[in-house]
Amino acid sequence: MGPYVDSVTSDEVLPAATSVVVIGGGIIGTSAALSLAARGIRVVLCEKGYIACEQSSRNWGWCRQAGRDEREMPLIVESLRLWRDMDRLTESATGFRECGVMYVAESEADEARFQAWLDMARPYGIGARIVLGEGLKALMPGAQGSYRGALHVPTDGCAEPQKAAPAIARAAQRMGALILAHCAVRGIERGAGRVSAVVTERGSIACEAVILAGGAWTGLFCASLGVRLPQLKVLSSVMRTAPVSDGPDTCTYLNEVGYRKRLDGGYTIARGTGYIVPLVPDSLRYLREYLPTMRKEGSALKPRLNSQSWRELGAPRRWPLDRPSPFERTRVLDPAPNRALNRQARDAMIRLYPQFRGVPIVQEWGGYIDVTPDVIPYISAVGAVPGLTVATGFSGHGFGIGPGAGRLAADLATGQTPSVDPAPFRLSRFNDGSPILIGPEI
Ligand SMILES: Cc1cc2nc3c(=O)[nH]c(=O)nc-3n(C[C@H](O)[C@H](O)[C@H](O)COP(=O)(O)OP(=O)(O)OC[C@H]3O[C@@H](n4cnc5c(N)ncnc54)[C@H](O)[C@@H]3O)c2cc1C
């Protein structure tokens, strides 16, 4: 079972028409809806399950510039700016705070990568630095063992995944957006060569534009429209502890464990590496695009046949819009966590901070991360379907960049000047002759 998520009261009446329909109530869809509603644009958000039921409530909660691909830097800097104002804007506690994010160097290769990243990030003026010796000890109070150094970005932060997207959805609602939970979108209708309506399980909504922010489902949705959107799923497992006093405040990543102090005083803990990749028909379909990343990541990825493999094997890629679609058959993608990986993370945390010994694990969960071949998102118009904008493929780091990404998607869907240059995020980048560039993700 997934983590407990703050609730959002769904609107009840399906409107006949609106300006923009947003598909998906994760951090991206809710941020897009808030951005549109704040501009006075009519918007309806349709979510097949409940707000933040998938990745957006299951993540670690880090809002980090640290280690970002250079192509994402302008958007993440903008997102951090939006996060800092989020509690005021939403009139809620999203839990955002500037606690800093740190990557600990465990080898010479790590040090070299961190230094190269620092050189790239310098023009952004985000205060990124290498910490050593006493400075590092101060950021890991009570830690056992000694480390070579760490990359520290003090202007990074974190928010509470079980609170943020619901708070943003409620704020959008207050500003006029309609939020329809338990309302899967089965497909899109076109008229005069462009999007004219979405067909939901509860009826159709005429609209001028659609933002598709369907997370791990977006590739399938696009396939049903005849659009190729390379996307694969990666299983990640997480747990949270009961409150711990005197623990570290900075979100910190080591190979064996990543940890974040939560607003409730507990910690969200997971293994830093070790992702399970279910083998599915899309693994073959998109092999060409994914080969460079697979070679780079090597043993960090663990390909497996699992329940998701069987679910996707032989599953339809097109369906009639007057019958239940795959989005209704699996309301919430809720994979079981890999308990062995979680145990390893807990043991590593205890070795690092002995005060975690005996602290109860309150909950464990799994989440499917949607990953693109170059590990940066698609935030893009879809050339083959005028009126459709996709915002997906956030590849394990979409929570922090969510507010800016949702806003950028809203810009693109309504023809506004984009808040940052969207070119790196174009959907066509894998078939327009561009080389596949994989960033320094560290
Ligand atoms: C374990 C884990 C740890 C992570 N840690 C971090 C982190 O620390 N920092 C960070 O920045 N990111 C992190 N991420 C990544 C981050 O959670 C995601 O990138 C981000 O939440 C993606 O948001 P989204 O809105 O695109 O997708 P989602 O949150 O998955 O939302 C998509 C929504 O669309 C709905 N939907 C799909 N199809 C339809 C349809 N046809 N009709 C209606 N609704 C539909 C789904 O039900 C779902 O609710 C992590 C992810 C995981 C799983």
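Counting starts at 1 for both ligands and their atoms, following the listed order.
W62 and F399 have their aromatic ring centers separated by at least 6.0 angstrom. Ring centers of Y286 and F430: at least 6.0 Å apart, outside the cut-off. For an aromatic pair to be called close, the ring centres must be under 6.0 Å apart, and F356 with Y267 satisfies this. The aromatic ring centres of Y378 and F425 sit 6.0 Å or more apart.
Around atom NZ of K163, no more than 12 heavy atoms belonging to other residues, nucleotides or ligands sit under 6.0 Å away.
Protein neighbours of ligand 1 below 4.0 Å, counting non-hydrogen atoms: I23, G24, G25, G26, I27, I28, C46, E47, K48, C53, E54, Q55, S56, R58, N59, W60, G61, W62, C183, A184, V185, A213, G214, G215, W217, F221, S236, V238, F327, G367, I369, F394, G396, H397, G398, F399, G400.
Considering only residues two or more places apart in sequence or on other chains, R346 meets the side chain to side chain donor-acceptor pair (under 3.5 Å) condition with none of them.
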